[in-house]
Engineer: 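I have a structure I would like to understand better, so I am pasting it below and will then ask my questions one at a time.
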Number of protein chains: 4
Amino acid sequence: MMGPLAERSGNRNSWSSLLIMPQRIDDLRPRLEFFRSRIYSTLQMCVLIAGLAAMAAATMPNIRPELRFWLSIVLWCCLAFYTFELSARLWLRQSSDRGPAYPLTATGAIDLLAVVPVPIALLFGLPSETAWLLASLWLLKVTMSVSGLSLLWRVISLELRALASVFVIFLIVLLFAAVALHLIEGPGQPDRFGSLPLSLWWAVTTLTTTGYGDAVPATFLGRAIAGMVMICGLGVFGLWTGILATGFAAEHRRRDFIRNWDHVTRVPFFRNLKPSAIIELTRMLRRVDVAEKTVVVRRGRRGDCMYFIAAGEVEVKLEPEPVRLGPGAFFGEIALLEGGPRVATVVTTVPTTLLVLDVSDFRAFTAIHPDLAQAVEAEAARRGGKG
Amino acid sequence: MMGPLAERSGNRNSWSSLLIMPQRIDDLRPRLEFFRSRIYSTLQMCVLIAGLAAMAAATMPNIRPELRFWLSIVLWCCLAFYTFELSARLWLRQSSDRGPAYPLTATGAIDLLAVVPVPIALLFGLPSETAWLLASLWLLKVTMSVSGLSLLWRVISLELRALASVFVIFLIVLLFAAVALHLIEGPGQPDRFGSLPLSLWWAVTTLTTTGYGDAVPATFLGRAIAGMVMICGLGVFGLWTGILATGFAAEHRRRDFIRNWDHVTRVPFFRNLKPSAIIELTRMLRRVDVAEKTVVVRRGRRGDCMYFIAAGEVEVKLEPEPVRLGPGAFFGEIALLEGGPRVATVVTTVPTTLLVLDVSDFRAFTAIHPDLAQAVEAEAARRGGKG
Amino acid sequence: MMGPLAERSGNRNSWSSLLIMPQRIDDLRPRLEFFRSRIYSTLQMCVLIAGLAAMAAATMPNIRPELRFWLSIVLWCCLAFYTFELSARLWLRQSSDRGPAYPLTATGAIDLLAVVPVPIALLFGLPSETAWLLASLWLLKVTMSVSGLSLLWRVISLELRALASVFVIFLIVLLFAAVALHLIEGPGQPDRFGSLPLSLWWAVTTLTTTGYGDAVPATFLGRAIAGMVMICGLGVFGLWTGILATGFAAEHRRRDFIRNWDHVTRVPFFRNLKPSAIIELTRMLRRVDVAEKTVVVRRGRRGDCMYFIAAGEVEVKLEPEPVRLGPGAFFGEIALLEGGPRVATVVTTVPTTLLVLDVSDFRAFTAIHPDLAQAVEAEAARRGGKG
Amino acid sequence: MMGPLAERSGNRNSWSSLLIMPQRIDDLRPRLEFFRSRIYSTLQMCVLIAGLAAMAAATMPNIRPELRFWLSIVLWCCLAFYTFELSARLWLRQSSDRGPAYPLTATGAIDLLAVVPVPIALLFGLPSETAWLLASLWLLKVTMSVSGLSLLWRVISLELRALASVFVIFLIVLLFAAVALHLIEGPGQPDRFGSLPLSLWWAVTTLTTTGYGDAVPATFLGRAIAGMVMICGLGVFGLWTGILATGFAAEHRRRDFIRNWDHVTRVPFFRNLKPSAIIELTRMLRRVDVAEKTVVVRRGRRGDCMYFIAAGEVEVKLEPEPVRLGPGAFFGEIALLEGGPRVATVVTTVPTTLLVLDVSDFRAFTAIHPDLAQAVEAEAARRGGKG
């Protein structure tokens, strides 16, 4: 889950760089980078899991005192970690002097929420177990490293009107079902349908198809209405899913296009194409972020795509000596042109962003724009002559 | 939920306008407008929530008599509000003299249903608690201010044939499962599977995956069939969702097109485009209704779209003095053309309808129709020269 | 649900035609038609509901003997009705002499299954209540009048391979969860998880999110695994829905195209269009079957589509005298061309098939193919000159 | 489920070929083929079902000793079968000498997992019933013969980022709901909400809408929050489904294109088409694998598609004598061109791969590319002259 952020930076020895006091403002950059490194995100994940596990364990009543002591130490350590993280970020951000005050940004607010509430609750005299429950706010830290969350948020906000309409249908069915069951089942089961709030509780568990079974209609008419409520529940669910599926498909396409466009325009190979062809190609390419020292293509495997390098570097393991390809180059085209297996293994040397063109799109595209195929073939021939 | 209606009108002092008797028929218009204003819709929402909460609370048996008295007053006040609303609308509509008689329209019928049933029930001697349950009809008032409901209705009516087919499959599985379980489990659990209606009740709770757990098969064969029924339930659900998702996607596109078309043709900037380009653009633009005094674009943020004003007015917060742009103008193009952050904050002055063109669509469109890009650039240059 | 079949034929006096013996083979046609008429399908529906209700009621143990007698009479009447239907169809089909033997067709098999099993079961000495449960086969008759069922079947058969893959995942999760819970919970709850079949029963109710609650894990590890099984259940469900939604969207488009094509080529108005334009138009038009004497367009309403008559006849309620339009004509175009409300009410005189062109598609199409717009305008002008 | 593999080979007498010792390396090929034949896959399926059923039955406590003995024999036989299969494959693969060592491939690992764990567990002294539970790993063998699994895997891996985002939302709602209910319901129901792990168990059963009903909130506030959790559950589910549906639709199209392309380029009939037309056609054609001696087209039925033979052979049952068509030929075109029923029955003679062109696509394609229609008509006329 923390992959995308971590992939961009692979400096393994960044711990030491944090401990030495920076001499100049320029020294801050690698320190800021540290907060995006892979070790740091792994550490963060461990702290979060340990903290939440300790919080959950501390609420159990039949726990031994010595274990409770150790849990408490884990919790205080996690809090110390988050306090350190908050103050480090505050100090770094302060000196960099860009944008709004740190505690007012979304990240800053989450960092503050992780640190402040628990001590305040303890100061106000809440019992220790209750106060530490506020540590559940630590989970919000995960949202910072999940890249797809803004996409989901946008889909939901765009489709809010339609989702609200379904919610109104949901409410109407809910209320009418509750009133009907209150009238029908109320006299027979006064402790389960005797008031409208009780009846609404039954209705919400039934309409969402949760079905606890604590309140179940007993009369024929009540059961017939309950059956209809369940079917309505499936329908409401289907509508909701339909709206979200539609919105998600549209937003997905749009987001991919924006991301790919920036990378496509950086590949010199595509610059000679007509603008309409670039648009088409941008829709076809899939962007993939690959960590360093990762095998992209393995010799002898069947190839079903070719790759353009948007950023980073790869090493083609050719026989006499390996060849390195930088941004703008492409590889994996021989399997597409000749239809055979991969002829060489390709490994990334640094974190690399690749644009993947599938065989289906390659064929569809080159059938309409033969110049790309010719250019790829010419380059492949040139390489063959050289290699 | 009441936003869309409220956005169109922002007259805050409309209360007073209602209290003065109108001199001429033309005076009726602002009074009709009042029923769409933001305060009024907030008031409506408060009355509805208070009324429904009071109705629900009044059904609780262990409530104190003095609280019951106050609940009763709240309910009568809500009824008075809806009676006033109905009579105001009847009187206004009568004088305006257009269309069919008000109580025969959908809105009129809902207004009538909110007022008439409770007093009639009380007159017919129903106990007070039962009679007030009819106040649940007040919830139907919400449907008037939810804009997406007609869209949902249309999707359902268009796909009715396919949905009915799934319902028939649902019924067949339901009946056959009930008969099988009645035969298998009937002898062992006569109070749960002893008759077909009892068995049908089990089948409907299982097929909808509600699973109350009040009737559970105990034999091996019964459980095997129950497992298959559950899997069928998932399948039926999937079919339903698939049908609704398909229908919703198609109807969504169609509806957006009709709405956008009217706005696109009003923007003078688009009139020089070829008809086929206008069609394309209409498919790309997203219509957004913005309330007055809302920040549309904030300086320094990353821009990923430009805006055309279909109706209303915005103020661009430029440095020497702010600039106002009216219908037909556009803004936010500099971030797209130059790829940098927003250079000025833009705020609406009145409720405004904007057409949003995302960066992906802007690039796709201008690549094929370079005249739009040139026109946008020329206008941007002209502005830069002036500002 | 029986609408589509019934709409094609509206002869109300077809009962009498059935009672007179046919003199010639040609007389058979109207009699066959009777089986598709609206009264007949209503009668069929009543018989089905009465029969199934009587069957369900007869299984209830605490029913009075005289009511049981009447239920039995209802059941025998329904059986007599189906026997009559089967023999009528056998006799009619035999004389018409086309296709395979009637009992071998799908319809014939369903007709046979409705009539034969109950008497056979009674002959073999089954108790009356058990034998009559076979009357649940009557429900299969509904499948004959549901038009969308073949579409569903085709989608399922096309996507069978993908659905089977999801089913395999389902089975693997099911078995592994059952084995794990049997090991973990078995010692503590031997009557619920003590054997693998018991544990599988728990797994299937959990994985389908039915959740009866008769078997619930009690240990920490068991509950952690149960939580993962529930999440897998949501995932399996989502995959299933995704596959069906995809398949349904594709098949829907294909089916509509085939149906519309036949009708579009019959409208003389479209014959001058280029083939590629006809293809486009066929994708845009929606086919609607309307019963006789139905209002299609009502004067004064907002118009958002125009209509082409594929088969049947409509009456335009113009002021001096109404005008009748037959197959190939169109109406409702004025609201699209001029943007105002409908200028006349249009009523069907016989069952009519209409092709509906929405305003969005009309504008999109005429922007690219202006000849259709011109032809529509010319025809509208000609009519205006005449009317 | 085992169909796709089985279809490719139909040699019924392959048992005997396995028993004779191969003289040369070339003799291995038919033996390898045996592992893909239809009888073998049926046998495999029977062994799997028998083995898993015996394993499940052996865990039941109240089973008779003599039955337990027989179950044990069945289990040992299944293990012997899988051991034989593993050693046969090891020996065959070793002599063929291609690719990596067999136990390191996915198939080899599954074969090893089916054989090794049970004896090891028995050796380590586990009780017999527990050890045999490892036989549930046999189910993994099914994944080898399910063709759609790699597609599902790819969809999931492509959408992993979005799915993970939804999972994070799921976790946040889960934890916050659990904390809230622990605080609200904890004092009243200490055995159900008294600790956070207990409360989390309630939250996961509710959020997945499973709803066991073992822990149910009793206070008003607790139930209000529970209702919101259920609605969030539906939302999370909807998001998940939407993501998977979108991803599945895209991947499905891509996969079909790659498969069809290889077959389309093998049909000589399509070679004269322009590349863009071939692309279009590849998108339209559906690939169908048909077993030998299967009726593809039945005389007198309504035809809604034509067929191109990509591989294999069919026999057209014409009147004087049947005609055989090989790869590259087509049939079923007369029903499309003339719109009538099928004029001849067509049966496959060997396992055949057909490319199906639906009537809708045929008409859409030939309207834009009339040369295909002419070629089909010319060939049909030539055949008519000959036949």
Side-chain angles (χ1 to χ4, degrees), chain A residues 1 3-4 52 55-61 130 133-134 136 139-140 142-143 146-149 151-152 155-156 163 167 170 197 200-201 204-205 207-214 233 236-237 240-249 252 286 300 304 358-361 363-364 366-368 370, chain D residues 99 158 161-169 171-172 175-176 178-179 182-183 186 190 194-200 205-206 209-213 216 220 223 226-227 230-231 233-235 237-239 241-243 245-247 249-250 253-258 261 274-276 278-279 282-283:
Chain A
M1 260 176 303
L52 292 179
M55 180 194 77
T59 62
M60 292 169 78
T130 313
L133 285 176
L134 288 164
S136 57
L139 189 57
L140 292 177
V142 183
T143 58
V146 174
S147 57
L149 219 59
L151 176 58
L152 289 178
V155 170
I156 292 171
L163 293 172
F167 189 67
F170 181 89
L200 274 166
W201 169 244
V204 80
T205 58
L207 195 52
T208 58
T209 74
T210 306
Y212 281 134
D214 55 337
V236 165
F237 205 160
W240 233 318
T241 305
I243 292 166
L244 288 172
T246 304
F248 207 87
H252 207 62
R286 224 160 5 97
D304 60 353
D358 276 273
V359 64
S360 63
D361 294 325
R363 281 174 184 161
T366 52
I368 299 160
Chain D
L158 276 179
R161 210 169 284 193
L163 293 172
S165 307
V166 177
F167 189 67
V168 164
I169 297 177
L171 284 182
I172 290 173
L175 185 63
F176 286 11
V179 167
H182 170 57
L183 288 173
S195 75
L196 199 57
L198 284 172
S199 201
L200 274 166
T205 58
T206 302
T209 75
T210 306
Y212 281 135
V216 177
F220 178 76
R223 289 184 167 189
M230 288 168 202
I231 294 165
L234 294 188
F237 206 159
L239 280 169
T241 305
I243 293 165
T246 304
R253 261 198 311 276
R254 201 184 289 268
R255 180 72 52 111
D256 273 8
F257 186 91
I258 299 173
W261 180 271
K274 279 182 295 176
S276 61
I278 293 184
I279 299 289
T282 306
R283 291 224 172 88

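What you see is a predicted model, and the numbers here were worked out from it, not measured in a lab. Chain letters run A, B, ... following the sequence lines, proteins first and then strands; every chain starts at 1.
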Engineer: Looking at A/G242, A/G213, A/S136, A/G211, which has the largest count of heavy-atom pairs under 4.5 Å with chain D?
Structural biologist: A/S136
Engineer: Heavy-atom pairs under 4.5 Å with chain D are the metric here; pick the option from A/T205, A/T130, A/L207 that has the most.
Structural biologist: A/T205
Engineer: Restricting to non-hydrogen atoms, name the atom on D/L239 and the atom on A/L244 that form the minimum distance, rounded to 0.1 Å.
Structural biologist: N-CD1, 3.7 Å
Engineer: Please classify the contact between D/L183 and chain A as side chain, backbone, both or neither, with a heavy-atom cut-off of under 4.5 Å.
Structural biologist: side chain
Engineer: Would you mind telling me which of D/S199, D/G238, D/A245, D/G235 has the largest number of heavy-atom pairs within less than 4.5 Å of chain A?
Structural biologist: D/G238
Engineer: So how far is it from A/F170 CZ to D/I231 CD1, rounded to the nearest 0.5 Å?
Structural biologist: 4.0 Å
Engineer: Rounded to the nearest 0.5 Å, what's the gap from CG on A/L200 to CZ on D/F220? Could you check?
Structural biologist: 8.5 Å
Engineer: D/M230 and A/V204: which non-hydrogen atoms are nearest, and at how many Å?
Structural biologist: SD-O, 3.9 Å
Engineer: How close do A/T59 and D/P197 get, counting heavy atoms only, and between which atoms?
Structural biologist: OG1-CD, 3.7 Å
Engineer: Quick check on D/L163 against chain A: is it the side chain, the backbone, both or neither that has a heavy atom closer than 4.5 Å?
Structural biologist: neither
Engineer: Side chains of D/T206 and A/Y212 only: does a donor on one sit below 3.5 Å from an acceptor on the other?
Structural biologist: yes
Engineer: Measure distances from A/L52 to the heavy atoms of chain D and classify the residue's part below 4.5 Å as side chain, backbone, both or neither.
Structural biologist: side chain
Engineer: Would you say that A/L139 contacts D/L171 through its side chain, given a criterion of any heavy-atom pair below 4.5 Å between the two side chains?
Structural biologist: yes
Engineer: At a heavy-atom distance under 4.5 Å, which candidate from D/L175, D/T210, D/T241 has the highest pair count against chain A?
Structural biologist: D/L175
Engineer: To the nearest 0.5 Å, what is the distance between CG on A/L140 and CZ on D/F176?
Structural biologist: 4.0 Å
